[in-house]
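Every heavy atom of this structure was used, including side-chain atoms; hydrogens, water molecules and symmetry mates were not. Lettering of chains follows the sequences in order, A, B, ..., and the numbering in each one begins at 1.
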Number of protein chains: 2
Amino acid sequence: MTRVRLDLFLSLDGRTAEPGTTPDNPMGDDWGRLTAAYAATRTFRERVFGDTSGAGTTGLDEAYAAAFPEGVGAEIMGAAMFGLHAYPDDPSWKGWWGDRPPFGTPVYVLTGTAPRPSIPMDGGTTFHFRSGALRDVLAEATEAAAGRDVRVGGGVGVARAFLREGLVDQLHLMVAPVVLGRGPRLWDDLPALDRTHDVRSEVAESGTLHVTFTRKEATA
Amino acid sequence: MTRVRLDLFLSLDGRTAEPGTTPDNPMGDDWGRLTAAYAATRTFRERVFGDTSGAGTTGLDEAYAAAFPEGVGAEIMGAAMFGLHAYPDDPSWKGWWGDRPPFGTPVYVLTGTAPRPSIPMDGGTTFHFRSGALRDVLAEATEAAAGRDVRVGGGVGVARAFLREGLVDQLHLMVAPVVLGRGPRLWDDLPALDRTHDVRSEVAESGTLHVTFTRKEATA
């Protein structure tokens, strides 16, 4: 059965950050600090940098990095994650991820602006642009996933919207051992997820806390 | 050398709670949820309930509970922790902890109201009431501790005041696997403690995260 999965980088003080998406990259430092342990994993180095030397960490952070794409059949992301905010008037813009994006699935980009035609890319990724209600987009993504999971890819605003509506079945927080003191707070005004989800906490060798909320099984 | 130590119960969403100190006990449930793992330890059961049967948990939570009073030579707490807010006009009020409080040290109660005479109690505890600046009270407590540590006992407002001024050498967070969605946020507007302190994270059998910030050694 399809689950809705969400993975987020968080600081000890519950702050999130967005990757730098503007020319002056104001949040770049925070994003780098939140994701340092993830970027150090063997999987990330291979997947993103093409480093096949086997370098990189191999502990719990790596286990999560390796499992990240497993079983995902469709993705939903906000317009900023696709770069629509940075390039709003460029109909030829195809996102940040190059000609062969790493998704390999349909990707539903949430946008309030005029619809665009879908963009098929190499490697199985197709970008679709949707401006409907979250639940409608989720229903379409779920159907496209054909039994595999739907990932909510971010950014933070989209993640919080899905959490607020109680739509996330598995939330995986990677809590870096840093205190940001700025950036959006994840938890404000969210439902108490521990009432509906089981909580599992682990500590990686990097000091990163992995906290996973998994929706409790419905009782018959 | 004297260190300033602070132990706090926190939720996954960074909320704190106060023990119920009013007749209708509005925060009692939250406090109970934050402290459940601590209250289940063998040390707590013995220290608070006089349960010498050896019942109670014996893992990481217990290790921290057992270490809690070690090496503490003086304590600082807010007026509410002593109960001054609940009994403002009763000069015979001697706090919540019975005739033999568990501190066994001088305890400096911060109060903005009229000074009171000190209250010596059985078991080595003496309550002093101080309305001066935090740093002055800390200096007095440090001298009284005679080389042992000073504990900042709470509540949350006092804890945050010490953190805001950078006075805490060791902050130990016990993060319960719960999401409160209400209560004071610990981290708002605090200095980025990870710049000045090393961070260590551990997970107890109960799912409680123990996150400890220890001030980095000054380099010569």
Side-chain angles (χ1 to χ4, degrees), chain A residues 8 10-17 29-30 32-34 36-37 59-61 160 163-164 166 168 171-216, chain B residues 8 10-17 29-30 32-34 36-37 59-61 160 163-164 166 168 171-216:
Chain A
L8 279 178
L10 200 68
S11 65
L12 283 171
D13 53 333
R15 304 282 190 160
T16 56
D29 290 347
D30 287 352
R33 296 182 70 210
L34 286 191
L60 189 65
D61 294 327
R160 282 175 42 77
L163 288 167
R164 208 156 38 225
V168 176
L171 169 64
H172 168 221
L173 301 177
M174 292 165 276
V175 185
V178 301
V179 178
L180 290 184
R182 62 177 183 181
R185 280 192 293 255
L186 169 63
W187 290 108
D188 278 16
D189 307 317
L190 291 186
L193 209 59
D194 61 336
R195 307 283 189 179
T196 51
H197 290 58
D198 293 319
V199 184
R200 186 181 59 179
S201 297
E202 300 160 284
V203 179
E205 297 77 359
S206 63
T208 300
L209 300 168
H210 292 267
V211 182
T212 307
F213 297 78
T214 305
R215 193 186 298 279
K216 297 177 188 192
Chain B
L8 279 178
L10 202 68
S11 65
L12 282 171
D13 54 333
R15 304 282 190 160
T16 56
D29 290 348
D30 287 352
R33 296 182 72 210
L34 287 190
L60 190 64
D61 294 327
R160 282 176 42 77
L163 288 166
R164 207 156 38 226
V168 176
L171 169 64
H172 167 221
L173 301 177
M174 290 165 278
V175 186
V178 302
V179 178
L180 290 185
R182 64 177 181 180
R185 281 193 293 256
L186 169 64
W187 290 109
D188 278 16
D189 306 318
L190 291 187
L193 209 60
D194 60 335
R195 306 285 190 178
T196 51
H197 291 59
D198 294 319
V199 185
R200 186 182 58 180
S201 297
E202 301 160 283
V203 179
E205 297 76 359
S206 63
T208 300
L209 301 168
H210 291 267
V211 182
T212 307
F213 297 78
T214 306
R215 194 184 298 280
K216 298 178 186 186

Quiz prompt | Passing option when B:D194 is tested against A:D13, A:L180, A:V178 for side-chain contact (heavy atoms from CB on, under 4.5 Å) | solution =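 The option that passes is A:V178.
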
Quiz item: So which of B:V211, B:L12, B:V175 actually passes side-chain contact (heavy atoms from CB on, under 4.5 Å) with A:L209?
Solution: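 So the option named by the test is B:V211.
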
Exercise. Under 4.5 Å, counting heavy-atom pairs only, tell me which of B:L10, B:L186, B:D188, B:T208 racks up the most with chain A.
Key: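 The option with the most such pairs is B:D188.
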
Quiz item: Tell me, side chain or backbone of A:R185 under 4.5 Å from chain B's heavy atoms, or both, or neither?
Solution: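 The answer is the side chain of A:R185.
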
Practice problem: Go through the atoms of B:V199 and report whether side chain, backbone, both or neither lie under 4.5 Å from a heavy atom of chain A. | Solution: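 It is the side chain, since no backbone atom gets that close.
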
Practice problem: Considering non-hydrogen atoms only, spot the tightest contact between A:G207 and B:S201 and give its length. | Solution: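 In terms of heavy atoms, the two residues are closest at O-OG, 3.8 Å.
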
